[in-house]
Protein chains: 2
Amino acid sequence: MTSKLTAAAERLFDRHGYVATGVDRLTEAAGMSSRTLYKHAGSKAELMARVLTERDRRFMARIEVRTVDALFAALEDWVRVEGCRGCLFLRSRAETGGDTPEIAEAVALHKEAFHRRVGEVVAMDLGREDPALAEQVLVLFEGATHAAVYRGAQTVSAARAAAAILMERARS
Amino acid sequence: MTSKLTAAAERLFDRHGYVATGVDRLTEAAGMSSRTLYKHAGSKAELMARVLTERDRRFMARIEVRTVDALFAALEDWVRVEGCRGCLFLRSRAETGGDTPEIAEAVALHKEAFHRRVGEVVAMDLGREDPALAEQVLVLFEGATHAAVYRGAQTVSAARAAAAILMERARS
DNA sequence: ACGAATGTACAACGATCGTTTTACATTGCA
DNA sequence: TGCAATGTAAAACGATCGTTGTACATTCGT
């Protein structure tokens, strides 16, 4: 019941935006009364935070990989499943101007974890730490995600190819 | 008077989001009555479209360059002046789910122009067309813009360095 | 000097916002 | 069997939304 709410909320927030999605649309999609929604979620902002935390779990599980190439392969899968609408975390933070603490915190936690993971994958793939290279890979990942909004999923393969070149150069 | 409105609106939309910014906050910041705002702008959505068109002009003027390196130098200047809040175009489109025609159209026009410009710069710099390389440069640009939201302006120099490597490799 | 244009302040429009209240039905454990 | 717990529907809360109407002041070209 709680998971149905979270799933429905994620879909609506992702497709129409956090602010633009009213509570009545959430209750309708989740098939529950507003009373029950508030008992479960506390508030709309807490619901969004819950959505983000849940999405973070799903996303981070998908990028549990050992190579940079697999990182972008995972992103290809992700956009195939989730579509190309940019990063929900950055979008919801931007929508609220960072003024909603629950949301800002969930986003910060996710982006910290993501940054750490990229660093780890680059280190594993390369055999040594390389923070500068990791930052470039992160930029390619984020760029593929956002450019895909108007350029389509091809941006992910472009980023993948670019990352391969950077990795190859760092190895030799 | 119209330009003061547009400037004030851009600032508020950029910092707090399109939906979250009410008309009364716009009138207050622009120092005019709501009646006058609507005479000038027509509607809130049209005002946002005007803001985006104006921003497109300012942005495109800044990336009138001849080399890929200068492209990222221009982005460094841009984020120094405008801050790191991601791409206003993609954000406003996402906020409205693409359901507001005036906004969706302004965004589409800007992104088309931007994509074309990147292709031109890569071609000039390289001496020949290279659409695949241009796509990678575009991904780096977009990635620097969005990663900068949580990683800071350093992402731009990371992207700049990565682009230099890709360009060098394409030249030899 | 005068009428059109353009500005203002301000109340009000109906709609919708997030949230809570009221009153009632169903379930499950003691 | 009965009392919590948990659900429902529906109305209402005050606030705010984008937008418009009313009534009055200022500026400006002729």
Side-chain angles (χ1 to χ4, degrees), chain A residues 1-53 88 91-106, chain B residues 1-53 88 91-106:
Chain A
M1 183 115 280
T2 278
S3 73
K4 186 184 175 189
L5 168 61
T6 307
E10 179 174 3
R11 183 167 208 280
L12 288 172
F13 287 150
D14 186 37
R15 290 186 135 75
H16 305 290
Y18 167 67
V19 183
T21 302
V23 173
D24 49 351
R25 282 214 272 175
L26 293 167
T27 59
E28 191 188 4
M32 62 175 53
S33 69
S34 64
R35 201 70 177 74
T36 309
L37 186 148
Y38 276 91
K39 189 148 290 186
H40 282 0
S43 70
K44 191 190 172 189
E46 285 179 69
L47 174 58
M48 180 44 131
R50 200 180 301 258
V51 163
L52 292 176
T53 303
L88 180 61
R91 276 189 281 141
S92 44
R93 202 183 99 113
E95 267 201 77
T96 57
D99 298 333
T100 310
E102 304 96 318
I103 295 176
E105 190 189 3
Chain B
M1 183 116 277
T2 279
S3 72
K4 186 185 176 187
L5 168 61
T6 307
E10 178 174 3
R11 181 166 210 281
L12 288 173
F13 287 151
D14 185 38
R15 291 188 133 76
H16 306 290
Y18 167 68
V19 183
T21 301
V23 173
D24 48 351
R25 282 213 274 176
L26 293 167
T27 60
E28 191 188 4
M32 62 174 55
S33 69
S34 65
R35 212 69 180 75
T36 309
L37 184 147
Y38 276 91
K39 189 146 290 184
H40 281 2
S43 70
K44 190 189 173 190
E46 285 179 71
L47 175 56
M48 180 45 131
R50 200 180 300 260
V51 163
L52 292 177
T53 304
L88 180 60
R91 274 189 283 143
S92 42
R93 202 182 99 112
E95 266 200 76
T96 57
D99 298 334
T100 310
E102 306 95 317
I103 295 177
E105 190 188 3

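Quick note: numbers below take in every heavy atom, side chains included, and nothing from hydrogens, waters or symmetry partners. Proteins come first, then strands; the chains are lettered A, B, ... in the order of their sequence lines, and each starts at number 1.
Using a 4.5 Å heavy-atom cutoff, the side chains of B:Tyr18 and A:Val19 are not in contact. Looking at heavy atoms from C-beta onward, A:Arg50 lies out of side-chain contact with A:His40 at the 4.5 angstrom threshold. No side-chain heavy atom of A:Phe13 sits less than 4.5 Å from a side-chain heavy atom of A:Leu52. At least one side-chain heavy atom of B:Arg91 sits under 4.5 Å from a side-chain heavy atom of B:Asp14.
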Q | Heavy-atom protein contacts under 4.0 Å, nucleotides 13-22 of chain C, coded B base, S sugar-phosphate only, - none | A | ----SSBBBB
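In this structure, B:Leu47 places its CG atom 14 Å from C1' of D:dT19, rounding to the nearest Å. For the pair A:Leu37 CG and D:dT6 P, the interatomic distance rounds to 16 Å; values are reported in whole Å. In this structure, A:Met32 atom CE and C:dA25 atom C1' are separated by 17 Å, rounded to whole Å.
Contact between the side-chain N/O atoms of A:His40 and the OP1/OP2 oxygens of D:dG7 is found at a separation under 4.0 Å.
Looking at every heavy atom in both residues, A:Leu37 comes nearest to A:Thr27 through CD1-CG2, 3.7 Å. Pairing each heavy atom of B:Ala29 with each of B:Lys4, the nearest pair is O-CE, 4.3 Å. The two residues A:Arg25 and A:Ala20 have their closest heavy-atom pair at NH2-O, 3.3 Å.
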Q: Map every base of DNA chain D to its dot-bracket character, where paired means a Watson-Crick or G-U wobble contact with both distances under 3.5 Å and | marks a partner outside the strand.
A: .|||||||||||.|||||||||||||||.|
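Counting non-hydrogen atoms of neighbouring residues, nucleotides and ligands closer than 6.0 angstrom, the CZ atom of A:Arg11 reaches no more than 12 such neighbours.
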